[in-house]
2 protein chains.
Amino acid sequence: MDPDGPARQVPAPTGGAQRGGSGIPGGRRKQRVSMADVARLAGVSSQTVSRVANGHPGVVGATREQVLAAMRELGYRPNSAARALRYGQFNTIGVILFGLASTGNSRTVEAIATHAAAEGYAITLIPIGIPTQDNVLGAFTRMGELAVDAVIVIIEIHLLDAGTVTLPPGVHVVVVDSDAGDRYSVVDTDQAEGARLAVRHLLDLGHETVWHVTGPKTSFAGQRRAQAWRLALEEAGRPVPPPLHGDWSAESGYAAGLALAGEPGCTAVFASNDQMALGLLRAFHERGRAVPADISVVGFDDIPDASCFVPPLTTVHQDFAEVGRRCVQGVLRQIREGGASRPGTELVPTRLVVRESTAPPPTRP
Amino acid sequence: MDPDGPARQVPAPTGGAQRGGSGIPGGRRKQRVSMADVARLAGVSSQTVSRVANGHPGVVGATREQVLAAMRELGYRPNSAARALRYGQFNTIGVILFGLASTGNSRTVEAIATHAAAEGYAITLIPIGIPTQDNVLGAFTRMGELAVDAVIVIIEIHLLDAGTVTLPPGVHVVVVDSDAGDRYSVVDTDQAEGARLAVRHLLDLGHETVWHVTGPKTSFAGQRRAQAWRLALEEAGRPVPPPLHGDWSAESGYAAGLALAGEPGCTAVFASNDQMALGLLRAFHERGRAVPADISVVGFDDIPDASCFVPPLTTVHQDFAEVGRRCVQGVLRQIREGGASRPGTELVPTRLVVRESTAPPPTRP
DNA sequence: CACGAGCATGTTTACGTGAACATCGCGAGC
DNA sequence: GCTCGCGATGTTCACGTAAACATGCTCGTG
C-alpha cells in the first residue's frame, strides 16, 4: 500500500534554490519551500519571514524587501496544512450533495462557493453517488476527517433519518431543502409559497382546478410543493385531481403529459419543476392540445431556458443564489459564534414569473 | 480581528469526556479531541492510538478494543491538517472554474468529484466570478496557498495567456477546454469532430449549406466548433454563410433565430449549444417556420432536456463524465509519477444523436 | 552623557500526527 | 535456568507555522 517508506523523507539539503526557476519541478518528493528556506536565503529568522508573509507590522522596509525577494526566488508558498494545524481551522466549508446535475444544486453550489470565497473560505465538495443511507453516512464520516470547519448538506436529509445517523458532534452544519429544521439549521426555498402562487395564479385565471406533476417521492422539496398544491386547492374548495408522479426529468414530464392530454377536464397543470413542464409542453404539442389556449402549464424553478420554451413558461422563480448566500452566512455564524447548529428553518421567498404558458381556460361548450 | 488572543489556548484539562455525548459542543474553541486525549483515556500511548487509527498491525486485540472504545467515547476524528503536514500531501484536488451554471461545467465537475472521491481525493472548488485576468491570477495564487495537491482548470485558458501568468511551479495542472495543449496537459471534448458530424449530417440530408450560431467569442470550445463548421463547409465546397453570434443563452439563440427566420435561403442551422438551439426552435415556431419541415436545427451538448424540445433535438453528444474522469486520471498520474504537467491534448470523442429536428430541406419550388 | 523607551529582529515552543528507534515482557531453545 | 528473539507498546522527534517571550539596538530626553 505504501511501498516507499524510507525513501520519502529525503530532506533535500541541496539548498532549494533550484526550484525557483521555471524548470521542471525537481521530480522528487514534496519538500516545498518552507519559511526556513526563505529565511536562510534572506539571512533572517523564519519568524521575520512569517511576519512579512502575514503582513504584520514591525519589519523594516529593507528587510521586508529582502524577504520578499527571497520568497520570489524560491517560489515560496505558505503551507496551509501547517497553518491549519497552527490555527486549528481550515477556512474551508464542506458541501455534501447528491448530484450537481439537478437544476438548482449547481446554482446553489455556485452561490455557496462564491460567497464563501468572498469570506476567504474555500469549498470542498463531497458528492454522493447513490443516496444510500450507508453512502451518506460514509460521506459524513469522511467529511469529519476532512479539512473542513463546517458542512453544508444539500441532500434530501430524510434519507438520513433512520436511527443511528448522527452528524459528527461539534461540526457546524447547515442543511438545504429539508424537513430537519427541528434538529438542524435549515435554509430552504419557500416551496409552499411558490406552489401556492402557482395554483392561485391558475385558479384566478378561471380554471376549475389544477392538476399536478410531482417530483420524485424522495424529494422533500417535491413533497412540500405537492402538499401546498393540495392545500391551495382544498382551501379554494376545488376538487383535487390525482397527482401524476414524475422524477424531475423532462421525459417523465412528457409521460405525464401524454396521460394528461387524454383527460378532457384538464385545463391547467402545475409541474413541480421546469424540466417536467418542458415535457408537458412537448406532449401537449404532439397531442394537439394548444398551450395556453386549451391547457395552461406552470413550472417551478425558473431555469434560464424557461423563457424560450414554446410557449415561454410561466413558472415560480427560485432564488438559488440567495439560498447559497444564506447557507454560507449560517455556517459562518456558527463558526464565529462557536455555537452549535441552532435548529430552525430559514425560508427564501419565491415569486411567480408569468409568461405565455398560462391563460384562462377554454370556454366550455 | 482576533480579540481573544490569550483565551484561545485553554487546554481543556477537564478530561474531555464531556464532548462525547450528544450535548452542545462545549462552546469554546476548537480543541478537538486529539490522539493524546484518546490515549489518556485508553491508558495507552498516543502512538498506539495512531496505530489503531491507521489499521497498522502490532496492536493486540484487547488494547485495540480499548482504544476504539475511547475513540468512540470521545468522538475522536483524526486531524487532517496534522496528517497533511506529516505526509506532505492533502489528498485534495483543486478545481478552478468560471461558472457552474454553464451546461457542461457542472456535469464535468460532478464527474471529477465522483472519480476523485473514488480515489480517496476530495475536491476543492474555486469559482471565479468574472474571468478577469486579475481574478484568474488571484485564484491561482489563492489556490497555491490552498491545501491541494493538484489543480484542474475549467476556464477558457486563453484568458490567462497574456504574459506574466505562470501557474505556481510544481503544481500539477490539467486544463479542460483549452488551446494550451502546448504548455499544459489538456483534456477536451473533440469539438471539431462534433461540429463536423453536425454539418455532415445536415449536408447529407441534402441541405445546400448550414448556418451557424456561435458561442461567445471568449469561448475556446465555441471557437473550435465554429472553425470546424467553416472547414466542413469549405471541404464540401459549399458557401459559408455569415455566422450569427450568440452567448450560449437560449435568449441569444432566440435573437439569432428571429434573424435567420428572415433568411429565405436558410434551411439548416447548427447551434453551438442546445440552449441556443432551443431559442432557435422558439423563434422559428413563432415565425411559422416549421422544424424540421422548413428548416433543420442541430445543437451541441445533448443536455437531458434536448429529447423533449419541440421537436426533440438532433444534437452532438458530449461525454462530460468521461472528460471529468480523464482529468482526474491526469492529475493523479502527475501526482503519483511526481512529474510535471506533460503538455498534450487528450480528446474525448463525440457522437451525433439524431432526433426529430432535422430532415431533408423543403423541395424548392 | 546616561538611561530607558520603543522598535526591529531572534529564540522558543506548541499545534497533532506518525515514522524511527527504544524498551519491556514473555516464551522458546539450549 | 538463562538468554535470545520477537512482538507489543512507549518515547522522541520533525513536519511548517506563528504566538509569546527574549534580545539588542537606536534615539530621545533629563
Side-chain angles (χ1 to χ4, degrees), chain A residues 2 4-13 16 29-40 42-67 71 74 76-91 145 147, chain B residues 1-2 4-12 16 29-40 42-67 71 74 76-91 145 147:
Chain A
D2 193 354
D4 53 357
R8 161 176 292 160
Q9 298 287 13
V10 276
R29 278 286 162 183
K30 324 266 74 171
Q31 79 245 22
R32 276 188 21 188
V33 192
S34 78
M35 282 196 165
D37 299 324
V38 175
R40 199 153 34 241
V44 299
S45 80
S46 64
Q47 179 59 193
T48 302
V49 178
S50 166
R51 280 191 268 256
V52 172
N54 296 42
H56 283 298
V59 180
V60 84
T63 314
R64 157 171 278 110
E65 280 314 315
Q66 240 172 355
V67 171
M71 282 181 174
L74 298 178
Y76 168 77
R77 286 174 295 132
N79 179 319
S80 42
R83 219 170 234 192
L85 178 60
R86 193 71 179 66
Y87 283 136
Q89 61 168 21
F90 303 93
N91 276 23
E145 299 172 4
Chain B
M1 197 119 278
D2 192 353
D4 53 355
R8 159 175 297 160
Q9 299 290 13
V10 277
R29 275 285 161 185
K30 329 260 72 170
Q31 78 242 26
R32 273 190 22 188
V33 192
S34 80
M35 283 196 165
D37 300 323
V38 175
R40 199 153 33 239
V44 299
S45 80
S46 65
Q47 181 60 93
T48 302
V49 177
S50 167
R51 279 191 268 257
V52 172
N54 295 43
H56 284 296
V59 180
V60 84
T63 314
R64 158 171 278 111
E65 281 314 316
Q66 239 173 355
V67 171
M71 281 182 173
L74 297 178
Y76 169 76
R77 286 173 295 132
N79 179 320
S80 43
R83 225 171 227 190
L85 177 59
R86 192 71 181 66
Y87 284 134
Q89 62 168 23
F90 303 93
N91 276 23
E145 301 172 4

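Numbered from 1 within each chain, the chains take letters A, B, ... in sequence-line order.
Within the structure, every side-chain polar atom (N or O) of S46(B) is placed at least 4.0 Å from both OP1 and OP2 of dT17(C). Residue N54(A) has a polar side-chain atom (N or O) positioned under 4.0 Å from OP1 or OP2 of dA18(D). Checking the phosphate oxygens (OP1, OP2) of dC15(C), no side-chain nitrogen or oxygen of N79(B) falls inside 4.0 Å.
In this structure, V67(B) and E65(B) have side chains that are not in contact, with every pair of non-hydrogen atoms separated by 4.5 Å or more.
Atom OG1 of residue T63(B) and atom CD of residue Q66(B) lie 6.5 Å apart, to the nearest 0.5 angstrom. The CZ atom of R83(B) lies 14.0 Å from the CZ atom of F90(B); values are rounded to the nearest 0.5 Å. Note that OG of S46(A) and CZ of R51(A) are 9.5 Å apart. Values are rounded to the nearest 0.5 Å.
For F90(A) and dG16(D), the CZ to P distance is 18 Å, given to the nearest whole Å. If you measure from atom CZ of R64(B) to atom P of dG7(D), you get 15 Å, rounded to the nearest angstrom. Computed from coordinates, the R86(A) CZ to dT17(C) C1' distance equals 16 Å when rounded to whole Å. In this structure, OH of Y87(A) is placed 16 Å from P of dG16(C), rounded to the nearest angstrom. Distance CZ (R83(A)) to C1' (dA19(D)): 14 Å, rounded to an integer number of Å. The distance from atom CZ of R77(B) to atom C1' of dG16(C) is 14 Å, rounded to the nearest whole Å. Between the C1' atom of dC7(C) and the NE2 atom of H56(A) lies a distance of 16 Å, rounded to the nearest Å. Distance CG (D37(A)) to C1' (dT17(D)): 13 Å, rounded to an integer number of Å.
Checking dG10(C), dT9(D), dT17(D) against the side-chain heavy atoms of Y76(A) singles out dT17(D) as nearest.
The nearest heavy atom of DNA chain D to Q47(B) and to A82(B) marks one nucleotide each, and the one closer to the 5' end goes with Q47(B). Residue order along DNA chain D, read from the 5' end via each residue's closest nucleotide, puts V60(B) first among L85(A) and V60(B). Mapping V59(A) and A53(B) onto DNA chain C by nearest heavy atom places V59(A) closer to the 5' end of the strand.
In the interface, the side chain of R51(B) is paired with the base of dG10(D) through a donor and an acceptor atom under 3.5 Å apart.
As judged by a 4.0 angstrom heavy-atom cut-off over every strand, S50(A) is placed among the base-contacting residues.
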